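Take a look at the structure set out below.
Scope of the values below: all heavy atoms of this structure, side chains included, with no hydrogens, waters or symmetry mates. Quick note on labels: first sequence line is chain A, next is B, and so on, each numbered from 1. Just so we're clear, the structure is a prediction, and the values are computed from it rather than from any experiment.
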Amino acid sequence: MPELPEVETVVRGLRKPLIGRTVHGIWYDWRNTIRTPSPDDFAARIDGQTFRAIDRRAKFVLCRLDHDILVVHLKMTGRLYVTDDDVVHEADRWLHFRAQLDGGQQLRFSDARKFGFVALVRDLSEIAARIGPEPLEDDFTPAVLRERLAGHKKAIKATLLDQDVLAGVGNIYADEALWHAKIHPLRAANGLSDDEIMRLHTGIRQALASGIEREGASVSWYRKPDGTLGEAQDHFAVYDRTGKPCLRCGTLIEKTRVAQRGTHYCPTCQTLA
DNA sequence: CGGACAACCTGGCGGC
DNA sequence: TGCCGCCAGGTTGTCC
């Protein structure tokens, strides 16, 4: 599911039900779901801690407890939600982790593909050493983008997906941002003109802001914490629009592969030369 | 360093 | 209906 807009939507939806709640025990059924520390240490450490704040960094959900951070990565199919103890949730079919809360509620993590994980750390750097700048922060300027792209001569699409270069952009929003900027996904990252970098900077922020505004893209697995669909997919310019007309010029959108990822673009608006 | 590719896993979908 | 191959929003590690 989850790129920056989807994770941001999850974070916003979890604040109200989670902040102020205290953990009283955990349950899990898949060893790899708890990345660190060991399940026994995890259980002992989290017990009795209260959720104080919920934030996002890149695609990580950061649940700030009294002494630790409960970090959750949703990867492709992760879902994170709070329900009453006795509620059977539609996503429980793939439930792998649960934290019992006071007040008769539970924080649940479900993940059909089991790529996602939860972790308990003092600092995010323990599991993610280098993460690029947050593209929606005020200090992310075109100059910062130019500096981040310098030295990367591989395809701009692949570079945008690199979380060390820039935080939070994934396959959907990379395609959308490049369409907005009228840049071909195979252009060299360090070969963009100043004007193109300006357009890409705008395109990245526009694509991500639009995604957040629509509360994420429910292409297949993603749901908001309340279980309902996001609406960003109804406003894509190129992603999942193969064979449909470009919203700018009418040319049919094409799909190819860049960095082993499905890549959608307009062959007229986004050229290599 | 870059690029290709496999791994980690499962589910959904289209085609036959 | 059943089976098969392919695809999927992410990340990491390996090999050349």
Quick note, side chain to side chain donor-acceptor pair (under 3.5 Å) partners involving residues 115-135 of chain A, not counting sequence neighbours, are A:Arg56-A:Glu134, A:Arg57-A:Glu134, A:Asp68-A:Arg122, A:Asp123-A:Ser125, A:Arg130-A:Asp164
Taking only side-chain N and O atoms of [X], does any of them lie within less than 4.0 angstrom of OP1 or OP2 on [N]?
X        : N      : value
A:Trp94  : B:dG11 : yes
A:His73  : C:dT11 : yes
A:Arg261 : C:dC7  : no
A:Asn32  : B:dC9  : yes
A:Lys75  : B:dA7  : no
A:Gln163 : C:dT11 : yes

task = Go through residues 112-119 of chain A and report each residue with a non-hydrogen atom lying under 4.0 Å from DNA chain C, sorted by number.
result =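 Hits under 4.0 Å, by residue number: A:Arg113, A:Phe115.
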Sorted by number, residues from residues 226-245 of chain A placing a heavy atom under 4.0 Å from DNA chain C are A:Tyr239
Taking [X] for the side chain and [Y] for the main chain, is one N or O donor matched with an acceptor at less than 3.5 Å?
X        : Y        : value
A:Gln270 : A:Cys266 : yes
A:Asn32  : A:Lys114 : no
A:Arg64  : A:Arg52  : no
A:Asp66  : A:Thr50  : yes

[atom1] gap between [N] and [M], integer Å:
N      : M     : atom1 : result
B:dC5  : C:dC6 : P     : 14 Å
C:dC4  : B:dC9 : P     : 22 Å
C:dG10 : B:dC1 : P     : 23 Å
B:dT10 : C:dT1 : P     : 25 Å

What's the [atom1]-[atom2] distance between [X] and [N], to the nearest Å?
X        : N      : atom1 : atom2 : answer
A:Lys255 : C:dC7  : NZ    : C1'   : 7 Å
A:Trp221 : B:dC13 : CH2   : C1'   : 13 Å
A:Arg31  : B:dC8  : CZ    : P     : 10 Å
A:Met76  : B:dG12 : CE    : P     : 15 Å
A:Arg130 : C:dT11 : CZ    : C1'   : 13 Å
A:Asn190 : B:dC1  : CG    : C1'   : 12 Å
A:Asn171 : C:dT11 : CG    : P     : 11 Å
A:Leu95  : B:dT10 : CG    : P     : 15 Å

So what does A:Arg257 hit on the nucleic acid, given a heavy-atom distance under 4.0 Å: a base, only sugar-phosphate, or nothing? sugar-phosphate
With heavy atoms under 4.0 Å as the rule, sort A:Gln260 into base, sugar-phosphate or nothing.
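The residue A:Gln260 makes base contact.
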B:dC9 -> Watson-Crick or G-U wobble partner, both distances under 3.5 Å, gives none
inquiry  = Quick one, A:Arg205 and A:Phe140 - any side-chain contact, counting heavy atoms below 4.5 Å?
reply    =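 Yes, close enough: below the 4.5 Å cut-off.
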Looking only at heavy atoms, the pair that brings A:Cys246 and A:Trp179 closest together is SG-NE1, 3.4 Å
Walking DNA chain B from its 5' end, the first of A:Gly151 and A:Trp30 to be reached, judged by nearest nucleotide, is A:Gly151
Test side chain to side chain contact (heavy atoms under 4.5 Å, CB included), reference A:Lys157, set A:Asp175, A:Leu186, A:Ile183, A:Thr256, output is A:Asp175
| message | Tell me whether A:Val82 shares a hydrophobic cluster with A:Leu65, the cluster being built from Ile, Leu, Val, Met, Phe, Trp, Tyr side chains joined at under 4.5 Å. | response | yes
Point to revise | Test item: side-chain donor near acceptor, A:Asp226 and A:Thr228, under 3.5 Å | key: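 Note: A:Asp226 and A:Thr228 side chains meet the donor-acceptor criterion.
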Consider only side-chain N and O atoms of A:Asn171 and A:Glu3, and report whether a donor and an acceptor are under 3.5 Å apart. no
